[in-house]
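Counting starts at 1 for both ligands and their atoms, following the listed order.
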Amino acid sequence: MTAGKQAADIAKLPDAMTHALRSLLGEERFLTDAESLAHYGRDWTRFVAPAPSGVLLPISISEIQTIVSLARQYQVKLVPSGGRTGLSGGAMAAKGELVLSLERMRKILQVDKAGRSLTCEGGAITGEIHRAAAEHGLMYPVDFASSGSSQIGGNIATNAGGIQVIRYGMTRNWVTGLKVVTGTGELLELNQGLVKNNTGLDLRHLFIGSEGILGVIVEATLGLTDPPKNPRVMVLGVPSMASLMHVLTGCQAQLSLLAFEFFSDLALQKVTTGQGIQPPFKDRYPFYALVEFESASAEAETQAEQLVEGCMTQGWVRDAVLSQSESQRRSLWRLREDISETIAQWTPYKNDISTTVQKTPALLSEVDALVARHYADLEVVWYGHIGDGNLHLNILKPDTVSVEEFQARCKSVSHHVFRVVQELGGSISAEHGVGLLKKDFLHFSRDPAEITLMRGIKAQFDPDGIFNPGKVFNA
Ligand code: S2G
Ligand code: ZN
């Protein structure tokens, strides 16, 4: 559908609500033009058409509370919206909802060097947070390819992971305080940045990963840490998935690991061709590991070199390159970090699955066998955070196949993939959230009793069901 048609088809807001929003936000912060509806009404998902009824750009918590009370009064649905870099449709407004964008609430409010914490508004850009921490010699350690445009509120609402989880954990590990506006319009201050606070249920952790179904995150207090000493990157050419796991075990035992990522040869080909980057080796290998470790001393570098030599002797590694400078470290990271953006042109159907690290070899081999059976005629790109047991399996859409037909075919294969995940006690969505795209498969990872409890918690925080209806589970 074209944006123009969407605007005409969208359920019209009650006149009284439109009037109230205009007087609250003015013309420039209550958008209804087709271009804005299309732009703010979607995330990076390409399988759903955006169709919001309007876009709201509040600049204060009290404006957000007024918007929530209007939404309750007129029974209009709200989709909280950050950087819209999500991949499961969690920020899609596809049914006439109002987009509640935090774009105008992006201030860094305080950096407490002694307390090693940073407080910011919910719309603060993740990359800005990284820079603010670095200015004080500290680091906010959750990082990923989209951090240049993602917002902290969205990162928290999806419990974003990224490339350093093996060392620093997920976003959840770094949120020490949240201010949220719930579906009743109440402002809750959760945990107030305290390191220690054992006074009943920690409601902060309900909002982390809630994907906007409980309310909207308007402010966050984050923990900061010391940056790693002299991080170095190795890229290793690896002959098989089984070898990858042997290399991981060796790296975990002998290096101060910061990241352990992998990607397939097709991923490498797409990135080197698409981005005009030099391949790391003259030969090609089925898989590559990207290993980042702290090299705080000469011994650490020697240990890494000896580890690689040992892996080569075992046949687990066929070739290796070790970064000799900061610029080379960054360019080696591009081989991994540019994958997502590069393959986006093929409208990839994404599986973001995980299991325990111990069961990862079984997940890899069983899903790879499924892929060979069901996708023999398609391009399949493997990559991900194998050190966390998290694999990204992207099926690339051929130009000759429509999006709808492609999605239907991949969805049918997903049932087989998710059954393997379920048998291995894994997750059907390791880091990208459930949103719209994964909710039909939620039962593979969560049992009915849990889903019933989740619905009950949602009803407590959002009794009128105005926040993000139809996401995570069917409304
Ligand atoms: C990654 C980013 C999004 C994608 O690269 O680790 O989580 O394309 C992904 O899967
Ligand atoms: Zn990832």
Side-chain angles (χ1 to χ4, degrees), residues 42-47 82-92 126-127 141-151 154-155 157-172 209 211 233 235 244 258-264 266-268 270-271 274-275 277 287-292 332-355 357 360 363-364 367 371 379-397 407 410 414 417 421 426-435 437-438:
R42 71 175 329 141
D43 60 12
W44 280 4
T45 310
R46 288 295 172 268
F47 296 109
R84 298 184 314 287
T85 60
L87 293 153
S88 298
M92 289 298 297
T126 316
V142 181
D143 196 4
F144 33 78
S146 59
S147 59
S149 55
S150 69
Q151 294 177 15
N155 297 166
T158 57
N159 187 26
I163 52 174
Q164 303 190 99
V165 168
I166 197 169
R167 175 63 169 265
Y168 299 107
M170 308 276 277
T171 296
R172 185 178 299 281
E211 297 190 60
V233 164
V235 173
L244 264 175
L258 294 166
F260 192 97
E261 300 287 312
F262 90 109
F263 46 92
S264 62
L266 182 58
L268 181 66
K270 294 289 184 189
V271 168
Q275 304 292 339
I277 302 175
F287 296 97
Y288 303 86
L290 183 147
V291 185
E292 185 169 62
L332 288 173
W333 259 117
R334 283 198 61 193
L335 300 174
R336 166 63 181 85
E337 289 211 291
D338 283 11
I339 296 172
S340 177
E341 178 195 336
T342 305
I343 65 175
Q345 62 184 285
W346 286 284
T347 322
Y349 185 87
K350 293 176 172 295
N351 283 286
D352 161 36
I353 53 180
S354 68
T355 184
V357 177
T360 301
L363 183 63
L364 273 170
V367 174
V371 163
E379 287 195 306
V380 175
V381 174
W382 277 107
Y383 57 100
H385 326 273
I386 202 159
D388 317 328
N390 177 195
L391 314 175
H392 294 314
L393 167 64
N394 281 228
I395 319 301
L396 306 190
K397 186 186 80 65
Q407 185 182 25
C410 293
S414 285
V417 173
V421 170
S427 171
I428 62 150
S429 188
E431 55 178 6
H432 298 167
V434 179
L437 298 193
K438 306 283 176 65

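- Distance check for His392 against the Zn ion (ligand 2): an N/O/S atom falls below 2.8 Å.
- Screening Phe260, Phe263, Phe262 for a ring-ring contact (aromatic ring centres under 6.0 Å, His included) involving Tyr288 leaves a single residue, Phe263.
- If you look at Phe144 next to ligand 1, there are no close heavy atoms at all, none under 4.0 Å.
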Review point. Stepwise, does the side-chain hydrogen bond (donor to acceptor under 3.5 Å, both in side chains) test hold for Trp333 with Glu261?
Key: CA-CA 10 Å; Trp333 259 117; Glu261 300 287 312; over 6 Å; no
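- Protein heavy atom nearest atom 6 (O) of ligand 1, with residue, atom name and distance: Arg336 NH2, 2.7 Å.
- Checked against a 3.5 angstrom limit, the closest N/O atoms of Asn394 and ligand 1 fall outside it.
- Using 4.0 Å as the threshold, Tyr383 has a heavy atom nearer than that to some atom of ligand 1.
- Summarising the contacts of atom 8 (O) of ligand 1 with Glu431, Lys350, His385, the nearest heavy atom is found in Lys350.
- Residue Val380 forms a side-chain contact (heavy atoms from CB on, under 4.5 Å) with just one option from Leu396, Leu393, Asn394, and that option is Leu393.
- Residue contacts with ligand 1: Leu87 is included, with a non-hydrogen atom under 4.0 Å away.
- By the 4.0 Å N-to-carboxylate-O rule, Glu379 lies close enough to Lys270 to be salt-bridged with it.
- Under the 4.0 angstrom criterion for non-hydrogen atoms, Glu337 is not in contact with ligand 1.
- Ligand 1 lies out of reach of Glu341, whose nearest heavy atom is not under 4.0 Å from it.
- Residue Glu261 places every heavy atom at 4.0 Å or more from ligand 1.
- What sits closest to atom 9 (C) of ligand 1 on the protein, heavy atoms only, is His392 NE2, 3.5 Å.
- Using a 3.5 Å distance cut-off with no hydrogens or angles, the side chains of Ser150 and Thr126 do pair a donor with an acceptor.
- Side-chain polar atoms of Ser147 and Asp143 form a donor-acceptor pair below 3.5 angstrom.
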